[in-house]
Number of protein chains: 2
Amino acid sequence: MPRQSRTSGSTSRGTSTRKDILAAAVSLASVEGLESLSIGTLASELGMSKAGLFAHFGSKEALQVATVEAARLVFTEEVLVPARGRPPGLPQFQAYIDTYLSYVQRRVHPGGCFFTAMSIEFDDRRGPVRSQVRAFAIECRDLLEQTIREAQSLDQIHAWVDPAQVVFEATALVRGTIVSYQLLRDPILIQRARLGIEGLLERVRVAPPASELRPAMRRGAERA
Amino acid sequence: MPRQSRTSGSTSRGTSTRKDILAAAVSLASVEGLESLSIGTLASELGMSKAGLFAHFGSKEALQVATVEAARLVFTEEVLVPARGRPPGLPQFQAYIDTYLSYVQRRVHPGGCFFTAMSIEFDDRRGPVRSQVRAFAIECRDLLEQTIREAQSLDQIHAWVDPAQVVFEATALVRGTIVSYQLLRDPILIQRARLGIEGLLERVRVAPPASELRPAMRRGAERA
DNA sequence: CCTACCGATCGGTAGG
DNA sequence: CCTACCGATCGGTAGG
C-alpha cells in the first residue's frame, strides 16, 4: 500500500498536511503519551517520511507544543462551546460537566481525556508542555468559578457558598471518574458521577424543585 | 565515582539487590512511567551493568510486573495497614482517605500516586500490567465498600445508602484531587478534598455530632 | 554479576 | 516534501 489518499479537505496544501499531522498526533498522544509518541511512527501512520514531517515543526518539543494546542482547540469545540450556549448560571455549569463527561464517553480521543493524560505525564517535568497544561487547567477552573458566581447572582446557588470549593469538588469528582472509567470501562461509573454531581449541587442549590427528590445516594438509584 | 556503596541491609545478597532495583524502578516509574523507564537508565542509576540488572528479570515486561508488585507492597504498607488499625466503620473509612492523601502529600514516590500514573499509562494497553492495576483498583474498592457496610451495621451510616455510590464518590474525588495536586502543587487542594469528603459523609452519616457544624462549602472554610 | 555485541529505532541533519 | 545518513539509546543475547 503506497502513500495514502490526500482527501482531507482543508484550507491550503501545507496547512492541511499540518492539520492532518496534528490530528493524528493528538489521537496517538492520548493513548501513548506525548513523550512516547515518535516522529517515525507518526510519519509512517500518515504515509509520509520522517524528515518531511519533522520539517513542519523543527523539533520534537515544538511538535508536542503544537499537539497540545491542537487538543485544546478540540476540547474547546467539543466541551466548552456547546455548554457556553446554555442559560447562564447553574444550567451552564451542569452543561460543562455533561459535555466533559460526554467528551470522554464519546471517545473524542481514543485515549480518553487528553489533558488528564498530559497532566499525569508532565506534572513532574519542567518545560512548555507543562506550562500549557497548567494554564489550560487554570483557565477552565476560572471559567467554571465564574459560572458559579453567575448562579449566585441569579439566586440559583446560596450566597454563602465558596465558588472555588464547589468547582473543585465537581471537577475533582469528574476527573477521578475519568481515570477510573478509562481503566474499568464500566458505563455505570459515568452514571455514578452524574449522581455525585447532583448530590453536590443539592447541597448548595437555592429552592430545589420540590417535584423531584434526587435520591443520589440511595441504593439502586438509576437514571430514568 | 566507581560503583556505589552496597549497604542497604536486607536478607540475602541477591534478594537485596533485587529489592534495591525495584525500589529505584518504582521511584523512577512514578515520574516517567513504566514504558519510558529504560533498563539502561535504571542500571546506571544503581551503578550496575545493564545486562546484570536485566538478568534479574529476563524481560522488560517481567521487570514492569515486578515493579507494580513492589509498588503494591509499598501502598499496602503506607496506606492500607495504618488505616486498618483504626476503629471499624466510619473512622476506618475516613482513615483510608487520610492515609491515601497523606501518601501523596508526603511524596512516598516522587511522582505522586503510583497507581494513578499506571492507570493512565496502561488503560489502553492489553497485558499483565493493566491486569495488575485493574485487580488492585477493584481490591481497594471492595475493601472500602466493606468498610461502609460495617459502618451501616454499626449504625454510623444510614441503611438506605448505597455503599458503592459513597465509595465511588469519595475515591473519585480523591483521585481527581491527586491529579490536580500533582500538576498545581497547591496544598489547599488537599484541604479542599478533605472538606469535600466531610460534606459527602455529612449527607449519609447517622446522627451527626451536634457539637460541630462542618460548614464544608462555606466561604473561607479552613481547618483548625 | 560482567564485557561486548546484535538489529531496531530514536531525534535530528545534510542536501536536494 | 524526499533519500540518506548521523550518534545515541533501546531491549535483548552470547559467553563467561
Side-chain angles (χ1 to χ4, degrees), chain A residues 1-8 10-25 28-29 31-68 121-122 125 127-129, chain B residues 1-8 10-25 28-29 31-68 121-122 125 127-129:
Chain A
M1 206 199 301
R3 293 295 172 271
Q4 280 193 348
S5 60
R6 285 286 161 71
T7 42
S8 52
S10 250
T11 42
S12 68
R13 179 48 29 112
T15 319
S16 159
T17 306
R18 203 186 135 98
K19 283 179 80 168
D20 290 347
I21 293 169
L22 290 175
L28 259 172
V31 173
E32 310 185 342
L34 259 180
E35 212 67 57
S36 299
L37 180 144
S38 90
I39 294 168
T41 305
L42 189 55
S44 79
E45 182 143 322
L46 290 156
M48 64 189 293
S49 72
K50 221 177 66 171
L53 191 151
F54 187 86
H56 281 278
F57 304 97
S59 75
K60 187 174 178 180
E61 194 175 72
L63 167 64
Q64 291 178 330
V65 167
T67 302
V68 173
E121 186 174 3
F122 286 89
R125 315 180 196 220
V129 173
Chain B
M1 206 201 298
R3 292 297 172 272
Q4 279 193 346
S5 60
R6 284 289 162 69
T7 43
S8 53
S10 249
T11 43
S12 68
R13 176 52 23 117
T15 319
S16 159
T17 307
R18 203 187 135 100
K19 284 178 80 167
D20 291 346
I21 293 169
L22 290 175
L28 259 172
V31 174
E32 310 184 342
L34 260 180
E35 212 67 57
S36 298
L37 180 143
S38 90
I39 294 168
T41 306
L42 189 54
S44 79
E45 182 142 322
L46 289 155
M48 63 189 292
S49 71
K50 219 177 67 170
L53 190 152
F54 187 85
H56 281 279
F57 304 98
S59 75
K60 186 173 179 183
E61 193 175 72
L63 167 64
Q64 291 177 328
V65 167
T67 302
V68 174
E121 186 174 4
F122 286 89
R125 312 180 197 219
V129 173

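The chains referred to below are lettered A, B, ... by the order of the sequence lines, with proteins before strands, and numbering in each begins at 1. Since the model is a prediction, treat every value here as computed from it, not as a measurement.
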In chain order, what residues pass the salt bridge (charged side-chain N to carboxylate O under 4.0 Å, His left out) check against A:Glu32, with sequence neighbours excluded? none

Identify, with sequence neighbours excluded, every residue that meets side chain to side chain donor-acceptor pair (under 3.5 Å) alongside B:Ser49. none

Identify, with sequence neighbours excluded, every residue that meets side chain to side chain donor-acceptor pair (under 3.5 Å) alongside B:Ser36.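 Partners of B:Ser36 by the side chain to side chain donor-acceptor pair (under 3.5 Å) criterion come out as none, since no residue qualifies.
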
Can you give the dot-bracket line for DNA chain D, using ( ) for pairs inside the strand, [ ] for pairs that cross earlier ones, | for pairs with another strand and . for unpaired bases, where Watson-Crick and G-U count if both distances are under 3.5 Å? ||||||||||||||||

Taking only residues two or more places apart in sequence, or in another chain, which ones meet B:Phe57 in a side chain to side chain contact (heavy atoms under 4.5 Å, CB included)?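 B:Phe57 satisfies side chain to side chain contact (heavy atoms under 4.5 Å, CB included) with B:Arg18, B:Ile21, B:Leu22, B:Leu53, B:Ala62, B:Leu63, B:Ala66 only.
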
With sequence neighbours left out, write down each residue that passes side chain to side chain contact (heavy atoms under 4.5 Å, CB included) with B:Ala23, or none if nothing qualifies. none

Pairs where residues 51-67 of chain A contributes a residue and the test salt bridge (charged side-chain N to carboxylate O under 4.0 Å, His left out) is met, not counting sequence neighbours: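 Output for this query is empty, none listed.
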
Classify every nucleotide of nucleotides 8-13 of chain D by which part a protein heavy atom approaches to under 4.0 Å, writing B for the base, S for the sugar-phosphate alone and - for neither, in 5'-to-3' order. --SBBB

Determine yes or no for a side-chain-to-main-chain donor-acceptor pair under 3.5 angstrom, with A:Gln64 supplying the side chain and A:Val129 the backbone.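 Looks like no, no N/O pair under 3.5 Å.
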
